[in-house]
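So the structure is just underneath, and the comments pick up after that.
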Amino acid sequence: MTRITLAELAEKLGATVHGNGDVVVHSIASMSKASEGDITFLSDAKYRKHLAECKASAVIVKEADIEFCQSNALIMKDPYLGFALAAQALDTTPAPATNIAASAYIADDAIIGEGVAIGHNAVIESKAVIADGAIIGAGCFIGQEAKIGKNTKLWANVSIYHRVELGESCLVQSGTVIGSDGFGYANDRGTWVKIPQLGTVIIGDNVEIGANTAIDRGAIDNTVIESNVIIDNQIQIAHNVQIGSGSAMAGGTIVAGSTKIGKHCIIGGGSVINGHIEITDGVTITGMGMVMRGIDEKGMYSSGIPLQTNKEWRKTATRVHKIDEMNKRLKAVEKKLVD
């Protein structure tokens with residue numbers, strides 16, 4: 001358990017202490033469940049009324065909320081950011097591996113940096129490079145000539161294919177596969193002929209990738225994920241996709257091949273993005289969006305039908321099938337009005 005005084009935590013967060021800076025906190029808790037030794041946060045003023053009942057040792061709040069706070073506090077412009085930084089400071093998540101396990105296989109010509117940890121039954125293939133401070137979890141596979149950057153962390157059973165490159169301080173959750181073959185085939189009179197995928201995957205620094213996600217290698221050129229990108233669980237990124245820095249993609253999203261997604265885009269969960277299109281910088285696509293054409297103006301985009309009762313949905317579906325007929329009738333009426 002990590003223990004830290006409010007004064008020490010304030011320095012890490014860039015916050016101002018209100019109350020007793022010598023108070024010690026050891027964990028993060030929600031406002032309703034917090035008790036002595038916990039720190040919590042208030043980022044939405046509509047929950048301000050709960051401050052009076054909060055039993056936490058300290059609360060991270062905005063300046064405007066301090067008068068309603070009955071406990072010690074850390075004052076910040078963005079309490080939610082404060083929560084993220086406090087959670088980092090008090091994080092008790094164990095490392096995926098410590099030291100180098102005797103059961104790990106490491107090729108003689110692999111390059112292993114200083115302070116590397118490799119878990120049980122991990123495989124490091126020929127000419128792979130594992131940079132200083134990297135952690136390779138149990139059962140991971142690192143293919144030939146793959147490169148893992150400094151302080152990058154792979155949880156158990158991650159597969160990194162040959163020649164894939166991960167930058168520094170990346171985090172990859174269990175079950176993810178990076179560098180598998182893209183969906184490339186030619187058709188010879190009804191017989192599918194596989195096209196070897198000769199590119200690779202290049203991933204920048206500070207990229208986080210969730211569990212059971214697949215990122216395919218390029219067919220000829222590379223699949224590229226730039227720095228500071230967040231990719232959630234169970235996402236499919238096809239061959240030759242490019243994702244710009246600062247973008248984030250929520251779970252269940254599918255991106256077809258050769259699509260280019262700009263910088264600082266946000267893709268909602270369950271979205272489907274067509275191949276060979278380009279999405280400009282600063283685009284937000286809400287959940288279950290279906291993107292069939294490129295987007296050249298930043299902003300928020302949505303598609304799909306919001307949840308309805310089954311009875312309402314049946315009526316909507318019936319009307320959708322009649323849109324063409326209704327459109328023809330509307331045009332006929334407009335023509336008569338003009339005439």
Side-chain angles (χ1 to χ4, degrees), residues 78 80-81 84 147-149 152 160-161 163-173 176-184 197-306:
D78 186 349
Y80 193 72
L81 174 61
K147 296 180 180 180
I148 309 299
T152 283
I160 307 296
Y161 278 51
R163 294 189 288 107
V164 168
E165 297 183 16
L166 270 72
E168 298 182 5
S169 301
C170 295
L171 174 63
V172 183
Q173 301 290 345
T176 281
V177 178
I178 303 175
S180 49
D181 281 355
F183 192 72
Q197 304 292 281
L198 304 178
T200 188
V201 180
I202 307 295
I203 295 177
D205 301 332
N206 299 298
V207 172
E208 295 203 9
I209 302 171
N212 297 317
T213 281
I215 302 176
D216 293 342
R217 66 193 312 107
I220 298 175
D221 296 325
N222 299 325
T223 300
V224 178
I225 313 295
E226 295 183 358
S227 296
N228 301 303
V229 168
I230 299 172
I231 298 172
D232 199 4
N233 301 333
Q234 298 182 324
I235 286 175
Q236 160 67 22
I237 297 176
H239 56 188
N240 300 107
V241 167
Q242 297 180 42
I243 301 178
S245 62
S247 290
M249 189 175 297
T253 292
I254 297 172
V255 184
S258 298
T259 284
K260 184 176 181 180
I261 297 173
K263 303 177 188 296
H264 305 292
C265 292
I266 298 174
I267 313 297
S271 294
V272 177
I273 301 177
N274 199 13
H276 300 271
I277 64 173
E278 184 168 344
I279 297 173
T280 194
D281 300 344
V283 167
T284 295
I285 298 168
T286 58
M288 297 191 72
M290 181 172 285
V291 185
M292 302 307 294
R293 294 183 295 275
I295 301 174
D296 56 13
E297 292 186 17
K298 69 178 182 179
M300 182 175 290
Y301 295 81
S302 301
S303 67
I305 299 174

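What's counted below: heavy atoms across the whole structure, side chains too, no hydrogens, waters or symmetry copies.
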Starting at [atom1] of [X], measure out to [atom2] of [Y] and round the result to the nearest 0.5 Å.
| X | Y | atom1 | atom2 | result |
| --- | --- | --- | --- | --- |
| I230 | E208 | CD1 | CD | 6.0 Å |
| T286 | I267 | OG1 | CD1 | 10.0 Å |
| T152 | I160 | OG1 | CD1 | 9.5 Å |
| I178 | D216 | CD1 | CG | 11.0 Å |

Has the side chain of [X] got a donor or acceptor atom that lies under 3.5 Å from a matching backbone atom of [Y]?
| X | Y | value |
| --- | --- | --- |
| S227 | D205 | yes |
| T176 | T213 | yes |
| S247 | V229 | no |
| N206 | N228 | no |
| T259 | N274 | yes |

Check: I243 and M249 side chains under 4.5 Å, non-hydrogen atoms: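 Contact flag for M249/I243 side chains = yes.
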Close side-chain approach of H264 and D281, heavy atoms under 4.5 Å: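 No, too far: nothing below the 4.5 Å cut-off.
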Atom CD1 of I277: over 12 foreign heavy atoms under 6.0 Å: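 Check passes, neighbour count above 12.
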Within 6.0 angstrom of L198 CG, more than 12 heavy atoms from elsewhere: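 More than 12 within 6.0 Å, yes.
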Shortest non-hydrogen contact from H239 toward R217: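 What the structure gives for the nearest pair is CB-O, 2.9 Å.
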Identified side-chain contact (heavy atoms from CB on, under 4.5 Å) partner of I261 from the options V291, T280, I273, V283: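 The single option meeting the side-chain contact (heavy atoms from CB on, under 4.5 Å) with I261 is I273.
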Criterion side-chain hydrogen bond (donor to acceptor under 3.5 Å, both in side chains) on N240 and T223, from CA distance to verdict: CA-CA 4 Å; N240 300 107; T223 300; 5.4 Å; no
